[in-house]
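Only heavy atoms go into these numbers, but all of them, side chains included; no hydrogens, no water, no symmetry mates.
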Amino acid sequence: MSSTTSARPRARLTRDRATWLIYLQLATFSTYLYGLSAALPLLRIDQEVSQAVAGLHGTSMAVGGIISGVGMPRLVARVGRRGATWLGLLLMACGVVLVTLTTALPVTLLGFGLASGGGSITLYLGMSVLSDHHRAAGPAAINEANAVGVTVGIGVSFLISVLADTALGWRAGILITPVAALLLFAVMGRVWVPAAPPADDHQEQGAALAAGAPFGWRFHAACGVLFCLVAMEFLFNVWAARLLADQTGMTAAAAATGLTAFTAGLAVGRFAAGRLALRLDPTRMLAGALVVTLSGWSVFWFSGQPVISYAGLVLSGLGVAVQFPLSLARVIAMSGGRAAEGSAAASIWAGVAVGIGPFTLGALADGFGTRTAFLMVPLLIVLAVAGIALSSRPPATIPA
């Protein structure tokens, strides 16, 4: 039976300097992700474009993520995981700077894509490093890293909503990304994890690589679950503020605080999940989280009152909190010991999700309204549950 579905003894998570480096790199990544997500509705107003056209920024992010996923194995082979993660942070910072320079659509699309490509390199390589470095405690470390990141995201999204109504403007808020990247490199640029996993794990990985076998159907089913959950999280990140404004009458700038409520739920959920993942079955945790997400979405979708809408977004965030970390951990666990290759494949699946999800919702919102378009969330939940059930079944129960 898969390690993702069987009961496990409690693991121990040791947070050494290498672990904190990955945590802080993920925090820097979050300044880009939540900063540009909070800024997108405001950028759309400045550019005077439709929701579907604004959704092209999500498509650009997808393209960046896909390109980085395809090129990641070669990049790692050339410069190593240490060099690749720092290069990713550099590209991410450059992309954010481009967005601050102008409202010209081609430039902002390029900026979103470049930031996404660089950020994906740092994110997915960091996750594979945590998986290798902490082994049985890998899922807990991945959850905790994302918890640290989303905590930073709360502050960034709130800062942007505040600066939007000042003379500095929202662009000053997203400049925190290049500043944070430079400071982190200055302070921890020499820190890194062991070059390779312990001997037994390394031998197992070498055997898997030597075999050259393609990933099995369970791996791809797990990737399908990741696709659904990444798309869902980005729907909230990119469009929840717009729906909040539509249903409550809040201004776009004020409604941007809705993302703060969502990320607050994410932070609480991920810190709690970091402890739970040391004890509980990750697959059951993931299924339970989807129930919580559906409950939060229902409260948010039916509400027309700001306070209730915020409560729905916090509850949604609590559910979404474990979805990406645990679904990524399941992909890595089903990669047959090829953590780096599995992470690269996950980057491609997630990149496609980032492109398809927000753009599809934006197109539906232009035709049917944002509220109707947000019905994509329960649809993705149903598909994710089906994928979890499929990928959790023993290999012998389904023909190859």
Under a 4.5 Å cut-off applied to non-hydrogen side-chain atoms, are [X] and [Y] in contact?
X: Ile66; Y: Met61; answer: no
X: Tyr310; Y: Thr248; answer: no
X: Leu390; Y: Trp217; answer: yes
X: Val148; Y: Thr151; answer: no
X: Leu286; Y: Leu229; answer: yes
X: Ser128; Y: Tyr124; answer: no
X: His57; Y: Arg44; answer: no
X: Ile160; Y: Leu42; answer: yes

Search all heavy atoms of [X] against all heavy atoms of [Y] and return the closest pair with its distance.
X: Ala384; Y: Val225; answer: O-CG2, 3.8 Å
X: Leu328; Y: Ala346; answer: CD1-CB, 3.6 Å
X: Pro178; Y: Ala93; answer: CA-CB, 3.7 Å
X: Ala373; Y: Leu364; answer: CB-CB, 3.6 Å
X: Arg15; Y: Glu144; answer: NE-OE1, 2.5 Å
X: Leu318; Y: Gly269; answer: CD2-N, 3.7 Å

(message) Between Glu233 and Arg270, does any side-chain N to carboxylate O distance fall below 4.0 Å?
(response) yes

Check whether any side-chain N or O of [X] sits under 3.5 Å from a backbone N or O of [Y] as a donor-acceptor pair, and report yes or no.
X: Gln47; Y: Thr103; value: yes
X: Ser295; Y: Val291; value: yes
X: Thr177; Y: Tyr32; value: yes
X: Thr102; Y: Leu98; value: no
X: Thr122; Y: Thr85; value: yes

(request) Test Asp246 against Thr370 for side chain to side chain donor-acceptor pair (under 3.5 Å), laying out the working first. (result) CA-CA 8 Å; Asp246 289 349; Thr370 307; 3.3 Å; yes

With a 4.5 Å cut-off on side-chain heavy-atom distances among I, L, V, M, F, W and Y, is there a chain of contacts connecting [X] to [Y]?
X: Ile121; Y: Val191; result: yes
X: Leu379; Y: Val292; result: no
X: Phe324; Y: Leu294; result: yes
X: Leu380; Y: Leu226; result: yes
X: Leu90; Y: Val129; result: yes

(message) Can you confirm whether or not the ring centre of Trp297 sits under 6.0 Å from the ring centre of Phe300?
(response) no

(request) Show the numbers, then the answer: is there a side-chain contact (heavy atoms from CB on, under 4.5 Å) between Ile388 and Leu290? (result) CA-CA 11 Å; Ile388 291 170; Leu290 289 172; 3.7 Å; yes

Euclidean distance, [Y] [atom2] relative to [X] [atom1], rounded to 0.5 Å:
X: Ser30; Y: Gln25; atom1: OG; atom2: CD; result: 12.0 Å
X: Leu125; Y: Ser120; atom1: CG; atom2: OG; result: 10.0 Å
X: Met92; Y: Leu114; atom1: CE; atom2: CG; result: 10.5 Å
X: Leu26; Y: Leu33; atom1: CG; atom2: CG; result: 10.5 Å
X: Thr108; Y: Leu105; atom1: OG1; atom2: CG; result: 5.0 Å
X: Thr31; Y: Leu175; atom1: OG1; atom2: CG; result: 10.5 Å

(request) Take Ile176 and Val156, measure what side-chain contact (heavy atoms from CB on, under 4.5 Å) needs, and give me the verdict at the end. (result) CA-CA 8 Å; Ile176 193 173; Val156 173; 4.2 Å; yes

(request) For Ser303 and Ser309, test the side chains for any donor-to-acceptor distance below 3.5 angstrom and give the result as yes or no. (result) yes

(request) Mind checking side-chain hydrogen bond (donor to acceptor under 3.5 Å, both in side chains) for Ser116 and listing every partner two or more places apart, or none if nothing turns up? (result) none

(message) Around atom CZ of Arg371, are there more than 12 heavy atoms from other residues, nucleotides or ligands closer than 6.0 Å?
(response) yes

(request) Evaluate whether atom CZ of Phe158 has more than 12 neighbouring non-hydrogen atoms of other residues, nucleotides or ligands under 6.0 angstrom away. (result) no

(request) Verify side-chain contact (heavy atoms from CB on, under 4.5 Å) between Thr59 and Phe112, making sure each step is shown before the conclusion. (result) CA-CA 9 Å; Thr59 304; Phe112 271 70; over 6 Å; no

(message) Run Leu89 and Phe185 through side-chain contact (heavy atoms from CB on, under 4.5 Å) and show every step you take.
(response) CA-CA 9 Å; Leu89 284 179; Phe185 183 76; over 6 Å; no

(message) Please list all pairs meeting ring-ring contact (aromatic ring centres under 6.0 Å, His included) that have one or both residues in residues 221-243, counting only residues at least two apart or in different chains.
(response) Phe236-Phe262, Phe236-Phe374

(request) Evaluate the criterion side chain to side chain donor-acceptor pair (under 3.5 Å) for residue pair Thr293 and Gln323; output intermediate values, then yes/no. (result) CA-CA 10 Å; Thr293 302; Gln323 291 175 184; 2.7 Å; yes

